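What follows is one structure encoded as structure tokens, with my remarks underneath.
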Amino acid sequence: MIREMNGLFAGYGASITSKPNAGCRLEVSDRNRFEQFLASDWHRFAFVRDDFNNPVYRQKSILKKLLFAESGISLEQLSYDFNISEYTLLSDLKVLREKLSEYHLQLHITDSRGCFVSGSEKNLRDCLSALLHGLSREEMLQPGARDTDLSNRCLIVEETVMAVLNSCKYDLNQTAVNSLVLHLCIIAGRTAIRETMSEDTPDVGQFAGKEELTLARRILEQLSQRLKITFDEPEVSYLTGKLIALRRELCRPNPVISMQTDELIREMLLTVYQDTGIDIRTDFDLRIPLSMHVEQLLERLHYGLSVRNPFLGELRGDLLAYEMAVSAVKPIRRRYGAVSEDEIGYIALYFASALEQKNRRVSKKRIAIVCGSGRATAHLMKERFLREFDRCCGKLDIFDLASARQADLSGYDLIVSSVPLKTDGTTPIIQVSPLLNETDVRHLATAVRQDSTRKWTEIFDRRLFFSDFSCRGKEDFLEKITKEICWVRKLDGDLLAEMRAREAIVPTEYENLVALPHPLHPVSDETFVTTVILSQPMRWKTRDVRLILIMNIGRKPVEGMEDFYAVISRALSSRRSIRELMAAEDLSAFLETLIREGNNDGN
């Protein structure tokens with residue numbers, strides 16, 4: 001603790017000394033500076049309490065300490081620093097090892113060096129950026145009593161950044177400034193322990209003539225003087241790239257989209273339509289912001305810059321939007337090379353918004369409610385129906401039994417009746433209890449979506465439903481299931497090669513023991529789904545899977561696919577739903593569960 005306090009006081013003209021049989025003594029070498037510190041800054045440190053009883057907070061703190069450490073740290077020292085047992089520490093390190101693998105980093109524990117992290121400097125910084133992302137200014141500057149060096153450094157970085165930006169009249173909003181301070185704190189912290197971007201950065205000459213290059217040099221020159229740290233040319237290049245990304249993303253003038261980008265967007269949206277059957281080629285509310293984003297993406301690819309997407313996990317959960325993004329980047333990959341999963345996630349964000357807008361424009365159903373129990377019960381049925389299905393309902397009328405028998409109900413899409421009713425028309429009729437119980441709501445949920453549900457359930461092939469499927473691993477599975485599919489379906493492409501190509505872009509594993517592999521390009525005209533339930537969970541890449549749906553999207557469009565993806569996304573996000581789906585003995589039981597769980601959203 002004394003060492004930590006001295007680390008804090010070092011910059012404020014004071015120190016604590018300790019002598020045997022004499023105790024501790026506070027010695028002040030600069031009284032004015034120390035008094036100023038007590039008046040203005042001491043409160044930020046005096047009341048900090050590190051919540052190391054919280055495992056998530058503690059694990060983040062351990063990781064931050066390891067990534068900013070100059071050398072390895074012994075398990076004994078880490079246990080002492082975080083006031084935990086070695087058993088708890090080892091459990092935390094097991095969690096961190098899994099987390100670090102997402103950044104292609106390795107966690108080592110050795111007798112000679114203790115605990116340390118290895119990997120490329122770029123990946124280490126990406127991990128730190130994600131770790132510190134989203135912290136407020138106060139949290140960045142007050143990270144805890146054990147991080148006084150980082151806190152002092154962040155204060156100096158913030159002051160330097162604001163001074164340089166103001167003198168250069170460089171326009172960044174506060175969000176961008178916070179992000180810039182974060183990146184500079186990481187640059188300074190890693191450089192202070194002699195870990196620099198000696199590789200993984202473009203040559204600084206590529207940025208010749210860029211305003212951001214001049215700005216990066218000025219910031220690092222001033223920080224070098226204040227922090228007594230020397231920044232080399234790769235750090236200048238690294239910071240220049242961050243500045244370009246920040247300004248292009250957050251300071252947008254009137255958009256001017258080049259013809260080259262416009263043609264690329266047309267090709268991207270055509271590819272999405274061909275791969276998924278979702279047609280958004282004429283959605284101009286999507287095309288303009290997507291075009292602006294793609295221009296920024298192309299600039300990042302040109303300079304070899306990368307971005308970290310903090311929303312990637314959530315975006316991958318939106319199955320349709322994410323798969324549309326994977327399809328959309330095909331033309332970019334052909335022309336410009338590899339596109340990272342983080343970039344794909346950002347494009348998925350635009351598609352998710354477009355799909356949401358499109359869903360709002362879908363025509364709603366016309367519903368007639370027939371009640372034979374009186375006006376009060378009829379209004380109760382109406383209110384209960386609206387509570388459950390308001391988003392699907394465009395017109396809702398109430399009839400008593402006598403008026404219903406005389407009225408022309410052919411103009412309605414669905415009739416909901418609390419009494420037996422016959423009509424001359426073809427409008428479907430569902431009989432329910434007057435109080436609309438839970439069973440009624442489930443039946444109505446299926447009926448309200450009946451048209452699209454009937455269409456997409458037909459793409460599940462009963463001949464390609466496998467329960468208790470056995471294999472020795474992912475590659476063995478892909479080979480075996482390809483043979484099963486080719487035995488039943490006539491394909492005009494190499495299914496196995498196309499599935500491998502899709503996996504090479506981004507693995508199709510998801511949470512809750514689910515994988516959704518599919519060919520990168522269509523291998524048939526028809527759309528069909530192969531359903532596989534493994535006898536035992538199997539490692540896909542970084543996750544175990546047991547329920548596998550192989551989705552072959554054909555060249556011929558299929559109506560209702562948006563509803564299909566929506567139902568799949570909802571059902572596969574629930575562990576309970578997954579357990580019920582994996583218990584299905586045949587396709588009928590599987591689809592019944594899928595429809596029920598996928599429509600179980602209260603709407």
Side-chain angles (χ1 to χ4, degrees), residues 264 266-281 319-339 341 344 347-348 351 455-466 469 471-510 514-532 534 538 540-541 545 547-562 564-565 568 587:
L264 180 60
R266 290 173 186 272
E267 188 177 352
M268 290 169 63
L269 298 184
L270 175 61
T271 305
V272 168
Y273 174 62
Q274 292 171 338
D275 286 359
T276 67
I278 309 300
D279 193 355
I280 50 175
R281 290 173 291 178
L319 181 59
L320 177 55
Y322 191 80
E323 288 305 321
M324 290 169 69
V326 171
S327 295
V329 300
K330 288 181 186 178
I332 300 177
R333 292 173 62 245
R334 284 195 296 268
R335 299 183 190 184
Y336 303 99
V339 179
E341 189 175 2
I344 292 173
I347 292 176
F351 288 136
K455 290 167 183 171
W456 66 253
T457 53
E458 293 173 356
I459 69 177
F460 282 82
D461 194 324
R462 294 184 180 277
R463 299 167 297 176
L464 294 173
F465 177 87
F466 304 92
F469 195 91
C471 58
R472 296 189 301 273
K474 176 182 175 180
E475 189 60 29
D476 183 49
F477 168 79
L478 292 176
E479 291 176 359
K480 281 185 175 180
I481 202 64
T482 297
K483 291 178 181 178
E484 296 285 354
I485 294 172
C486 292
W487 182 260
V488 172
R489 288 279 186 166
K490 183 178 181 181
L491 307 178
D492 53 24
D494 190 333
L495 175 60
L496 181 58
E498 289 292 341
M499 286 197 292
R500 286 170 173 164
R502 172 61 182 83
E503 292 295 322
I505 298 175
V506 179
T508 56
E509 61 188 7
Y510 291 85
V514 174
L516 304 172
H518 53 276
L520 183 60
H521 301 98
V523 294
S524 70
D525 289 335
E526 305 299 326
T527 294
F528 62 90
V529 176
T530 302
T531 309
V532 182
L534 299 178
M538 173 189 72
W540 196 259
K541 184 173 182 181
V545 304
L547 174 60
I548 304 173
L549 300 181
I550 302 173
M551 301 185 294
N552 183 86
I553 306 301
R555 300 181 189 90
K556 294 179 181 178
V558 176
E559 292 185 44
M561 289 302 290
E562 290 180 49
F564 162 73
Y565 280 108
I568 289 288
L587 185 60

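Quantities reported herein were computed from a predicted structural model and do not represent experimental measurements.
- Using a 4.0 Å cut-off between charged nitrogen and carboxylate oxygen, E503 and K474 count as a salt-bridge pair.
- The ring pair (Phe, Tyr, Trp, His ring centres under 6.0 Å) check on F466 picks up F469, with sequence neighbours excluded.
- To the nearest 0.5 Å, atom CG of residue N552 and atom CZ of residue F528 are 4.0 Å apart.
- Partners of K480 by salt bridge (charged side-chain N to carboxylate O under 4.0 Å, His left out), not counting sequence neighbours, listed by chain and number: D476.
- The NE2 atom of H518 sits 8.0 Å away from atom CD1 of I553, with the distance rounded to the nearest 0.5 Å.
- Residues I550 and I548 form a side-chain contact, since some pair of their non-hydrogen atoms from C-beta on lies under 4.5 Å apart.
- To the nearest 0.5 Å, atom CG of residue D525 and atom NZ of residue K556 are 5.5 Å apart.
- Annotation: side chain of M324 is in contact with side chain of I280 (closest heavy-atom distance under 4.5 Å).
- Residues satisfying the side-chain contact (heavy atoms from CB on, under 4.5 Å) test with T482, not counting sequence neighbours, are C486, L495, L496, M499.
- By the 4.5 Å heavy-atom criterion applied to side chains, D461 and E526 are not counted as neighbours.
- Rounding to the nearest 0.5 Å places CZ of F564 at 4.5 Å from CD1 of I459.
- Between D494 and A497, the closest heavy-atom pair is OD1-N, 3.1 Å.
- Nearest heavy-atom pair across V529 and M551 is CG2-CG, 4.3 Å.
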(request) Check step by step if side-chain contact (heavy atoms from CB on, under 4.5 Å) holds for L269 and F351. (result) CA-CA 10 Å; L269 298 184; F351 288 136; 3.8 Å; yes
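- Closest of all the heavy-atom pairs between I347 and A328 is CG2-CB, 4.5 Å.
- The side-chain hydrogen bond (donor to acceptor under 3.5 Å, both in side chains) search around Y336 returns Q260, not counting sequence neighbours.
- The shortest distance between side-chain heavy atoms of T530 and V488 does not fall below 4.5 Å.
- Taking all atoms of both residues into account, the shortest heavy-atom contact from L264 to P331 is CD1-CB, 3.9 Å.
- For the atom pair CG (L320) and CD1 (I568), the distance works out to 11.5 Å, reported to the nearest 0.5 Å.
- One finds a salt bridge joining R335 and E267 here, because a Lys/Arg side-chain nitrogen approaches an Asp/Glu carboxylate oxygen to under 4.0 Å.
- A salt bridge links E323 with R502: the closest approach of a Lys/Arg side-chain nitrogen to an acidic carboxylate oxygen falls below 4.0 angstrom.
- Remark: K330 pairs with T271, D275, R334, L520, H521 by the side-chain contact (heavy atoms from CB on, under 4.5 Å) rule, at least two apart or across chains.
- Heavy atoms only, all atoms of each residue included: Y322 and A348 are closest at CA-CB, 3.9 Å.
- With contacts defined as side-chain heavy-atom distances shorter than 4.5 Å, the pair W540/M538 qualifies.
- Contacts of E475 classified as salt bridge (charged side-chain N to carboxylate O under 4.0 Å, His left out), with partners at least two apart in sequence or in another chain: R500.
- Remark: L270 CG to R281 CZ distance equals 6.0 Å, nearest 0.5 Å.
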